[in-house]
Amino acid sequence: MSLTEIFFWFLSVLALGSAAMVVLSKNPVYSILFLIITFFCITGHYILLNAQFLAIVNLIVYAGAIMVLFLFVVMLMNLNADSEPPQKSKYLWFIGVIAGGSLLIILVAALKESEASYQLTQMNHGNVGLIATLGRTLFTNYVFPFEISSVLFLSAMIGAVVLSKREAVQN
Amino acid sequence: MPIYYYIVLAIALFTIGIIGVLTRRNAIIIFMCIELMLNAVNLLLVAFSKMHNIATAATNPTAAIDAQIFVFFIMVVAAAEVSVGLAIIVMMYRNTHSVDVNFLNRLKN
Amino acid sequence: MFGYSVTFPHLLVFVPLIAGLIIFFIKKENSAKAISLFASIVTLSVSCFSLCYADNKDLNWVPYEWLKYIGSSFSLGLDGMGKILTLLTAIAFPVIFVASYKSSYKNANVFYGLMLLSQAGLMGVFLSMDALLFYFFWELALIPVYFLCSRWGGERRIQATFKFFVYTFAGSLLMLLGIIYVYLHTDRTVYAAHSFSINSFYSVVLNAHQQNWLFWLFFIAFAIKMPVFPFHTWQPDAYEQSPTSVTMVLSGVMVKMGLFAVLRWLIPVFPEAVLNFSNIVIILSIIGIIYASLIAIKQDDLKRLIAYSSIAHIGLMCAAIFTVEQIGIEGVMIQMFNHGINIIGLWIVVELIERQTGVRKISQLGGIAHTAPFLTIMLVVIAFANIALPLTNAFVGEFMMFNGLFKYNIWYTAIAGISIILAAVYTLNMVKNVFYGNSNGLTVAMKDISLNEKMILCVIIVAIFLIGIYPQPMLDMAKDSVSLILSRFK
Amino acid sequence: MNAIILTALFGIILMFGGVFFKSKSTPKYVAIGGLIIVLIANCLELRNGEPFFDINLNDMLRFTSFNLTFLSVIFSATLLYFLLNGRDIEKVGTNVSEYFALIFFVLCGVGISATYNTLLTLFLGIEIMSIPLYILTASDKRNLKSNEAALKYFLMGSFSTGIMLMGIAFIYGGNTQGSFYIDNIALGEGKMPVMIAVGLVFLLTAMSFKVSAAPFHFWTPDVYDGAPTVFTSFMATIIKAAGFIAFLRLFENVFGKVQPQWQILLAVITAATLLIGNLTAVFQQSVKRMLAYSSIAQAGFMLLAIFALNEYAKEGLVLYAAAYCLASIGLFAILIRMNDYTIEGFNGLGKRQPLLAVTATIFLLSLTGVPLTAGFLGKFYMLVAVMNDGHQKWLAILAVLCAAISAYYYFRIIQAMFFKDSNEAPSEIWDINPRFKALLVITAALIILLGIFPSLIADWLHY
Amino acid sequence: MSNTLQIGWLIPILPLIGFLINGICRKQLSKTLSGLIGSGVILASFAISLFVFFQVKNGNTHLAHYFDFINTESIKVGFDFQIDQLSSLFLLIITGVGFLIHVYSTSYMHEEDSKDFAKYFSYLNLFVFSMLLLVMGGNYIIMFIGWEGVGLCSYLLIGYWFKNNDYNDAAKKAFIMNRIGDLGFLLAVFWLITKTGTADYHEVFANVSKLSTFDITGITMLLFVGATGKSAQIPLYTWLPDAMAGPTPVSALIHAATMVTAGIYMIARSNILFTMAPFTQCVIAVIGLATAVLAATIALKQNDIKKVLAYSTVSQLGYMFLGLGVGAYTGSVFHVMTHAFFKALLFLGAGSVIHAMSGEQDMRNMGGLKKYMSITHITFLLGCLAIAGMPPFSGFFSKDEILAGAFAKNPVYWAIGVLTAFMTAFYMFRLYAMTFLGKFKGTHDQEHHLHESPAAITIPLIILAILAVVGGWVGIPEVFMHGGHRLEAFLEPVFAPSNALVEKHHLSHSTEYTLMAVSVGGALIALLFAWNKFSKYQKTEAPESGIGKVLSNKWYVDELYNTIIVKPIQAIAAFFNNILEKKGIDGFVNGIGKAVNYGSRQIRLLQNGQVGMYVLLMVLGILALFIIQLFLVK
């Protein structure tokens, strides 16, 4: 069992565990922290797969900016375990778990059959993930999506402004 | 490392996310679970890209790169969504002082 | 879009259509009445001309390109069967307008506009030589009537007419499916992969199994329209609840749509299936005949009574059609016309009574003969025509239809024949209780009818006897259509 | 191309305009003018196939006569929407020009998702389309219904985004090319690999969600009900149509060849949508909510096109979308002007506002699918498509029966307007100016015209 | 016009014109005028009939074709008149007796105001018209037209006084019972058309050999059903007594002289068919006999003068059918003629009595009228003798011929027939005695009011009386005078085909004498018995009992029909109307609507407003799709 595999298993288990904790933990702040852990694990996976650029972005954008934003909001509303809305009736909870679980099982079972899922992935080498490669492609082939996604941000920005701006007195 | 492991891992994360959406009532947590789902997808895509980097490098050299750029765009969109989503949640919190998704259900039937 | 030469069919459709649209914008009641009457008379004269100047086996017409890429064309044609029914439609409306000239409706312009629209729709149904066009008109005839009924009808009108609408609408949608299916099996034309024209429908090749279920898709739609037992329950309510002049349209002309459609679109297209199912259909119709006649005996409301008697008559026609006997079908052709005339006459009398006394309950009326002898005579004549007394028009039709049915099966005829006894029973009951006996508080004040009503009723009576004594011309008219239909069974 | 660029451009202009425009109604005029330009530009591109701008798309979008026709239909519908509802948009809140900007961004998204040629642009297009809608839904900030609607829409919307991405991932992983380009991932005959199948189901789910097909429709009634009615009108018509074109192109170009393997799924979804939409609509008391359900029902009919995927289906979908948009926009425009959204509110409208009532009747008849209205031809094409496809004829029968049911609830309004009298004080209707009436009449006339001469639109597709 | 008989169309058309004139300008015409028109047209057509008759007598028969009534690929029905011996004879009877009755009516109906007076005459003319159509028709369809036409007229005339609902009911009953018969007729015609492809007499009779026995039997039975309806035979006879509600002349014309004999005409016309169907003949004979006896027994106990006559009519008709049944067609036709004379006479006489008694019809309140109204009395007596079959009155010959025929066929028929004859004699003279003999039993002012009727009434009585006496002499049997039976000779061509089939069995003269002796003697005894029993009849309030009760209640036949036919039908109709239609079929239709509503109300609950729920359902949806896609689709 090579080092990569060890890392892989470690990160996977950690990711799953903390992901589960995100759902389970009563206190929103804990959830956020567990989610950050999960993201770290995923970043680790990226590194394993030698996708450096994404690893960085994931770390900065997700684990950094976005989660901070979440944390900020939660703090703003100062939510904590007791302000947490009471859990739904248990059996609904079960149904949820069963539904999700069976989805998992079905997919796993189905994909186990297909030979396609036994192709190998190239671990920790290969240069596709390097910033240089991606950057070049992004600004040549992908210039249109890149530009157009600005529209997305504009609208998001407008949204944030429109929604969170305090209105003057309603007429 | 066979892609199958990654698939299982990604689906597992994805499912956890779904379960979170199903079971939690706190809007923010639900939203976080959705982010979790997105990350599962990202992981899967990257894994696939590395798979194709072996399998189809001959036929389609840009295959692997496309996927990773796709992931990049997913992150972009996710960021935008977060800003809007949190704005909505905050607005709702302002009006109701609650983040419980079941708190508001005037709209039914 | 539209072509060069305008033929009789186009006039028949567009005169009422355009007139109807114009009338919507005429606010004054009297002028609306006048114009609608005028328009309907123009239509009548057109159809009279067409009787003389168009020949009877005209199934080929000028097809105007319409929906090029679907393969549907705006093609109207006039054959013998079409002539008979367009004539009926053309006669019916002026008669109705004159008869209802006295009774004033709230915003009359809308009323008369809708009436004319429905006339246009009916004309279109009888003239269209293209399945899709046929469906268009089929609905176009329905919609105005829906509005007429539920706007100017009785107190339970909304439910009654809505039931009527949904019922028929569902039926016709099923028919639409059938049309589409057949359409998809027609040969390709210049522009389109398939065609809706009647010829390609007649020449389409379908195996027995396809025919069998298509048959029902079509038949149910038509059966609801006719209506045939057990699809008839919308009818009495609709007749009872709608204003009488609309009821005249419904029962006088509209129910003929179903019969006509069977003759034009069902029998020739699915001959095999017709032969397979004719027995079932005939049994249904005969059950309907007896059933309706028996129920009619029990009715106390004049309108309901006539409604049920109409169901019985239609049932007989339906049965006669499905015998696929030359004489039976020819009888149906002429009977469609006769039944229209007679029942309109009956409705007119009913309306006159209701307008004066304000009631339709048989039990509340009586002794009208003292105060309104002329009305009584007219009613008696029409009523006896309705039960097919010889030398009245209905006798010819029923004689031929029974004859056809007899050729098909003796016992069916015997059972169906009971209806002529039952018909006598309920008709005579009605005559006795409404017109004879001593007049009561309601009827003692009745005045006899005025000139225009007299004229109208006389026209009807003349028609009754004319056809009753010398039906031959009409039979000749129908001959070619019948032989065309039967040629599919050779 | 023109459309996408220009819409984005006008969106930005309006966004900044919010600062400079003094009068409240300026944005409206700018928007209308802009939209006209967009429309013209689009039609020009459709005519001579040459965009004004030369941008290296790297073949990520593809402009065919079908796409562009569809786009022009959508833009003209939007134009009509602006003309009819401009004043009502102003009434929603203070940030008028932002609303218009967002609508333009949405249109930009529509443009992309109607012409996408890779899964990436599909994804972007749909997101660009959705995110502004979340905001528009929430735009009535003080109104809790609006908040609730926005929250539900947002949560479920982003959930479906997740689903869709999962699907895309599997498609990518499953195809031998390892590509997102439609042409590369298009499947050939033969059994499709499991991974693709998984991806297909995820994508199907996501798209069904966008077009609100059962059982993924649950957001629709609540969101449409809660959102400000003007924007409901926009979402229920234009967005839905756009969703369908995306849906259709995806399944035609990618999974077209293996149709038999997934047709049953669509049959199930379609049947469920038809039944749930129609049945639930029957009992609604609020017209707004009833229309929400009716939009689901209509979606069920449009799904038939995707079920069948043949020439009739494509042609019919365009017609259907046009007919549906016209009728619904008109109907919503009337609804907005009512104070009482319940069906009783319509009682006696035929007396108070005959013209509104008549036009409303035409819209309703068109939605019911009565001949001589465009709605009929839409349904007609759908039925032809299904029958032509040959499999699952029961679907066609179910469809017509549902159409009969739909008559049931549409005609309740007609009955209310003409045959019932308002017992209490007539719920007064505000702001009916001649221009509005004229526009309604034009809309109705268009519906009739299309109902008689569908070739006006359909012929474009035959170029 | 090749043949002079082509003018035959004038005969029916004249009454039609009379009907139209009287009907349309009934408001303007004065009584005299409408009376003149009414009788005038009949007189005219009587004249033409005479002409036609003599033409025919000189052997010139003709089938006149006027225009095509129905002419299609599968059947051709012309508007044809068949003018031959049979029809011309009937023409004479109808127009002749008809004319007399018209004249009679001018005075009898004089109390009516002029409008109704004209209406009455128009109806009467219409009746004559359709009756003529019936007998002249050249095919079964024209005959059917007349056939239903007379039914209509009888309906109208019975219900002439429509104020009284009992009369209306009687009219209704008559029409409906006729309709039942008509259905049989119609079916027979269809059968004929289906088998032979035509309805023209001559073609049918020409092709009769082609028909199988089953067909012929079926056809003839159905025709006979028609006859029972029209000619009041068991089981459809009950309408005739009720039909007496109409004015008395009407009863005389329609319900005695002409319409009710239509059945006999029809069978005589298609005699060849019946001759070839022995079974049917047997049925006819039995039914006829049964009717004769039944009616006669009922007549014994009736006290309404017209009712007695009505039942006697039924019984006489029974005789005629007996004649037809045993193949004595000539005899039946002969009896139709004589019966027309004396029964018309009797009815008119009764009418004149009723007239004098100012509407009183109950014999128990009469008596001793002979000293008030001599002419009526004499003529009536002659009529009674004629019907009682006393030689040399007309009734004797015709009845005797039928009885002879019956004896030849089967002595039992004869025995019963004779028995009936006795009863006839009895009740007729009971009637006579109670009415004219003894002393008056009516109220005082009735007595004071009694008078002989005016000339317009008496003259027809006299003429008819003469006919009733001498009418029989055209058919004097062989035994008395060789070649005396002119009628038989005259009708020979009509019945030739049948006669060719069955050999005429001649009774020995001695037998014939004995038969006549028995019948006459028996009748005479019954007659005298009735005479002296009822001439001193006193009104007794003692209710009938035993058999007498049954008889005076007409064997309870009406009640029977009411319980086994009318009530059940009403019940079924009620069931259909109230249960099956409302709850059953319509209930089902509405049920669908209800179901939709219910489903809608239930499905709404899925939409419970909670995101969690929605997402859950979505996920379940996805699961379902996956299961279908991955595990079910192959």
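The sequence lines fix the lettering, A, B, ..., with proteins before strands; numbering per chain opens at 1.
Across all their heavy atoms, C/F165 and D/A407 have their closest contact at CE2-CB, 4.2 Å. Nearest heavy-atom pair across C/I180 and D/V384 is CG2-CA, 3.7 Å. Among all heavy-atom pairs drawn from D/M387 and C/L177, the shortest one is CE-O, 3.7 Å. Closest approach of D/L372 and C/L140 over heavy atoms only: CD1-CD1, 3.6 Å.
For chain D, the nearby parts of C/L173 are the backbone and the side chain; heavy atoms of each come within less than 4.5 Å. For D/Y408, the parts lying under 4.5 angstrom from a heavy atom of chain C are both the backbone and the side chain. Only the side chain of D/K393 comes within less than 4.5 Å of a heavy atom in chain C; its backbone stays farther off. Only the side chain of D/I414 has a heavy atom closer than 4.5 Å to any heavy atom of chain C. For D/T368, the parts lying under 4.5 angstrom from a heavy atom of chain C are both the backbone and the side chain. Contacts of C/L142 with chain D are absent, with no heavy-atom separation under 4.5 Å from either backbone or side chain. With a threshold of 4.5 angstrom between heavy atoms, C/I70 approaches chain D through side-chain atoms but not through N, CA, C or O. At a 4.5 Å heavy-atom cutoff, C/W152 makes no contact with chain D through either its backbone or its side chain. Only the side chain of C/F169 comes within contact range of chain D, with heavy atoms under 4.5 Å apart. At a 4.5 Å heavy-atom cutoff, the contact between C/Y183 and chain D is made by side-chain atoms alone.
Not less than 6.0 angstrom separates the ring centroid of C/Y135 from the ring centroid of D/F380. For an aromatic pair to be called close, the ring centres must be under 6.0 Å apart, and C/F162 with D/F419 fails this.
Ranking D/Y312, D/F411, D/Y381, D/F418 against chain C, the residue ahead of the rest is D/F411, based on heavy-atom pairs under 4.5 Å. In terms of heavy-atom pairs under 4.5 Å with chain D, the best-connected choice from C/L132, C/I179, C/L217 is C/L132.
Interatomic distance, D/I397 CD1 to C/W213 CH2, rounded to the nearest 0.5 Å: 6.5 Å. For the atom pair C/N107 CG and D/K351 NZ, the distance stands at 8.0 Å (nearest 0.5 Å). For the atom pair C/R157 CZ and D/Q415 CD, the distance stands at 10.0 Å (nearest 0.5 Å).
More than 12 heavy-atom neighbours from other residues, nucleotides or ligands sit within 6.0 angstrom of NZ on C/K27. When the shell of 6.0 Å around CZ of D/R47 is examined, it contains 12 or fewer heavy atoms from other residues, nucleotides or ligands.
Counting only heavy atoms from C-beta outward, the side chains of C/L176 and D/V400 never approach each other to under 4.5 Å.
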